[in-house]
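Since the structure is predicted, the reported quantities are computational estimates derived from the model, not experimental observations. Along the sequence shown, the residues carry numbers beginning at 1. Remember, it's 1-based here, ligands and their atoms both numbered in the order they're listed.
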Amino acid sequence: MKKCETVVIGAGLAGLAAAESLDSAGVDVTVLEAAPFPGGRAWSEPYQGYLLEAGPHTFRGQSDALWGLIDRLGLSDEVETMDGRAGRYVMRDSRLFRVPSGPVEFLLSGLFSAQGKWAALRGLFKAGDPTDRSVAQWMDRRFGTEIRRTLVDPVVGGIFASDSTHLDMSRAFPKVWHRTGASGRLIPAIFGKSAPSTERSGVYALRGGFGQLVSAVAERLGTRMRLAEAVEKIQAIPEGGFRVVSKTGGIFATAQLVVATEVGGLKQLLPSLLPDSAEPVGRLQCVPVATVSLGGPSPSPLPEGFGALLPRDQGFRMLGAIHVSSLVPERAPAGHWLATAYLGGLHDPDILELTDAQLLETTTRELSRIAGSTLEISMGRVHRHQWGIPQPNLDSLDALEALNDLVRPYPGLNLAGSYLGGVSVEMAVRSGVEAADKVLQDLSA
Ligand SMILES: Cc1cc2nc3c(=O)[nH]c(=O)nc-3n(C[C@H](O)[C@H](O)[C@H](O)COP(=O)(O)OP(=O)(O)OC[C@H]3O[C@@H](n4cnc5c(N)ncnc54)[C@H](O)[C@@H]3O)c2cc1C
């Protein structure tokens, strides 16, 4: 049995952020990761001259925790700012429309009818209703169904691979919710006084992909990160602390544990320590997603900009596609384009049963449909995420509160991961840093 000061289970961004914070504070940390490589959903793969992202491509500048991690790893100069105005497109009636980025563009846009625009303008002044909890209810009451179906639903499909009728507004769009609640009006919230913020607006990417950040943490941890070391169970030690048992027979004893797995790992592991956790953890929903990266000689099938969102009623299996080579041209060889499409989610849960060939064929066909001609594809690659996107659905807050109530009384037990506070990279990192802070508090008590 190996005695460890702290153990982190899972080397996704949450686990890596926790481990790096602990290491920076001079605490000895052992990381146990089931996969043969670190990063979890966030990893980058050089492939046939392209640099592919298996999962996330970009991050928002809204978390000090992520900027702190980037700074400490010496990667600040590697951050590229995506042009905040890079066009986003949405499909309607077999045409791509640019998503308006301001009031004038909105009024001139052909994406919405005159009635839809009028309803949206009136919605800025309308109060909501205390019973509005889902994203769909919140949006419909203010802006009408046209805006929700045409714009909000595709955005929700692109971010959460989900449906606005299932998502909890307070968890899916917490900033808007905190300013207005269920019933507040938007205009006073927009122009009212807000707390001073250190947030940087905009969207960013690392030049070498998220793999650059993952490798930097992995290098720092060296042999303290144990890959292909899947944890099988966690047991409580009667005198205090935990015994972590891996499938390869490793046993690690520690007083401070951070469980930083995705929802799938949590379902498998936590009930071995806390049998009552099986019920709330079972209620945490997570949907599968496949990413399909395609590349070929220019011209690109997508307009310059961020990419395209594809509403379900437009007859696509793709939820959307990022125009990677438009955002970061160095990710594709000269004279070539690169796009990464997302498929799967709440309404397409069997997506991972498709073979790579089927996924490549579907995506090529649908991108060709967008381009209006058959595409010449010279590179295709599939990545799969069984536990792709945790769902901030209407039941998730209750489930998380029940879970926290079970974990809180256990000294030294901490959870981290993007299912807790928000699905994004920055929220995953923040959850890891917060878990590390709790460990540091315990150790100094
Ligand atoms: C396709 C896709 C695109 C995305 N795009 C974006 C984006 O552009 N921007 C953005 O902000 N966010 C994006 N996200 C979300 C972002 O990727 C996640 O928020 C983040 O990567 C989650 O990190 P995590 O550490 O919580 O979980 P994970 O990355 O899932 O890490 C969990 C780790 O735990 C390990 N593990 C599980 N069980 C065990 C066990 N028993 N023993 C040991 N290890 C175990 C797993 O192998 C894994 O490495 C995207 C997600 C997906 C799937």
Side-chain angles (χ1 to χ4, degrees), residues 7-19 30-43 52-63 66 82 158-161 203-206 209-210 213-214 217-218 225-234 244-248 250 252 258-270 272 286-293 306-307 319-322 324 327 340-345 351-352 382-390 392 415-433 435:
V7 169
V8 175
I9 305 176
L13 292 177
L16 292 173
T30 301
V31 180
L32 307 175
E33 165 56 48
F37 52 84
R41 276 165 277 178
W43 60 283
L52 308 181
E53 292 284 39
H57 281 72
T58 55
F59 61 93
R60 291 193 167 270
Q62 296 172 342
S63 161
L66 179 54
M82 306 293 102
I159 300 175
F160 302 101
V203 180
Y204 304 86
L206 282 163
F210 279 102
L213 186 148
V214 170
V217 182
M225 176 150 71
R226 302 170 74 121
L227 299 173
E229 189 83 69
V231 173
E232 189 175 24
K233 57 185 171 196
I234 308 166
V244 178
V245 182
S246 81
K247 288 185 181 161
T248 57
F252 306 84
V258 178
V259 180
T261 67
E262 75 301 304
V263 170
L266 195 73
K267 285 186 193 216
Q268 177 231 323
L269 279 185
L270 205 61
S272 66
C286 193
V287 296
V289 178
T291 60
V292 180
S293 295
F306 207 91
L319 296 162
I322 296 189
V324 184
L327 292 177
T340 299
Y342 298 92
L343 297 91
I351 193 70
L352 299 185
V382 173
H383 296 100
R384 293 163 186 270
H385 304 274
Q386 179 65 46
W387 301 96
I389 313 276
L415 302 181
S418 63
Y419 61 91
L420 288 170
V423 302
S424 64
V425 160
E426 57 272 16
M427 295 309 283
V429 167
R430 183 188 286 183
S431 76
V433 171

Closest candidate by heavy atom, reference [atom], pool [options]:
atom                    : options              : answer
atom 39 (C) of ligand 1 : V8, V287, T261, V263 : T261
atom 43 (C) of ligand 1 : A14, A161, G345, A34 : A34
atom 53 (C) of ligand 1 : A11, G388, G432      : G388

Checklist entry - By side chain to side chain contact (heavy atoms under 4.5 Å, CB included), which residues pair with P288, not counting sequence neighbours? => result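 With neighbours one apart ignored, the set is L352.
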What is the closest protein heavy atom to [atom], and at what distance does it sit?
atom                    : answer
atom 51 (C) of ligand 1 : I389 CD1, 3.8 Å
atom 11 (O) of ligand 1 : V425 N, 2.8 Å
atom 49 (O) of ligand 1 : E33 OE1, 2.7 Å
atom 26 (O) of ligand 1 : S418 N, 2.9 Å
atom 5 (N) of ligand 1  : P56 CA, 3.1 Å
atom 37 (C) of ligand 1 : E262 OE1, 3.3 Å

Go through ligand 1 atom by atom and flag the ones less than 4.0 Å from a non-hydrogen atom of [X].
X    : answer
L32  : 43 (C), 44 (N)
H57  : 7 (C), 8 (O)
T291 : 1 (C)
A230 : 42 (N)
G417 : 26 (O)
G265 : 38 (N)
G12  : 25 (O), 29 (O), 31 (O), 33 (C), 49 (O)
I9   : 42 (N), 43 (C)

Backbone or side chain, does any N or O of [X] fall under 3.5 Å from an N or O of ligand 1?
X    : answer
S424 : yes
H385 : no
R41  : yes
T58  : yes
L269 : no

Next on the checklist: When you measure from the heavy atoms of S246 to every atom of ligand 1, does any distance fall below 4.0 Å?
Outcome noted: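 Outside the 4.0 Å threshold, so no.
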Side chain or backbone of [X] under 4.0 Å from ligand 1, or both, or neither, by non-hydrogen atoms?
X    : answer
V231 : both
A260 : backbone
A428 : side chain
W387 : neither
V423 : backbone
E232 : neither

Item to check | Considering all heavy atoms, the nearest I351-G344 contact | outcome: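 Heavy-atom minimum between the residues: CG2-CA, 3.5 Å.
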Is there a donor-acceptor contact under 3.5 Å from the side chain of [X] to the main chain of [Y]?
X    : Y    : result
R41  : G388 : yes
E262 : G265 : yes
S431 : S418 : no
E33  : A11  : yes
T340 : S293 : no
E53  : F210 : yes

Checklist entry - Under a 4.5 Å cut-off applied to non-hydrogen side-chain atoms, are V214 and L13 in contact? => result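 The answer is yes; the side chains approach within 4.5 Å.
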Checklist entry - Between H383 and W43, how do the two ring planes meet: parallel, tilted or perpendicular, split at 30° and 60°? => result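 Ring orientation, 0 to 90° scale: perpendicular.
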Next on the checklist: For the CG atom of L32 and the OG1 atom of T261, what is their distance to the nearest 0.5 Å?
Outcome noted: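 OG1 of T261 is found 12.0 Å from CG of L32.
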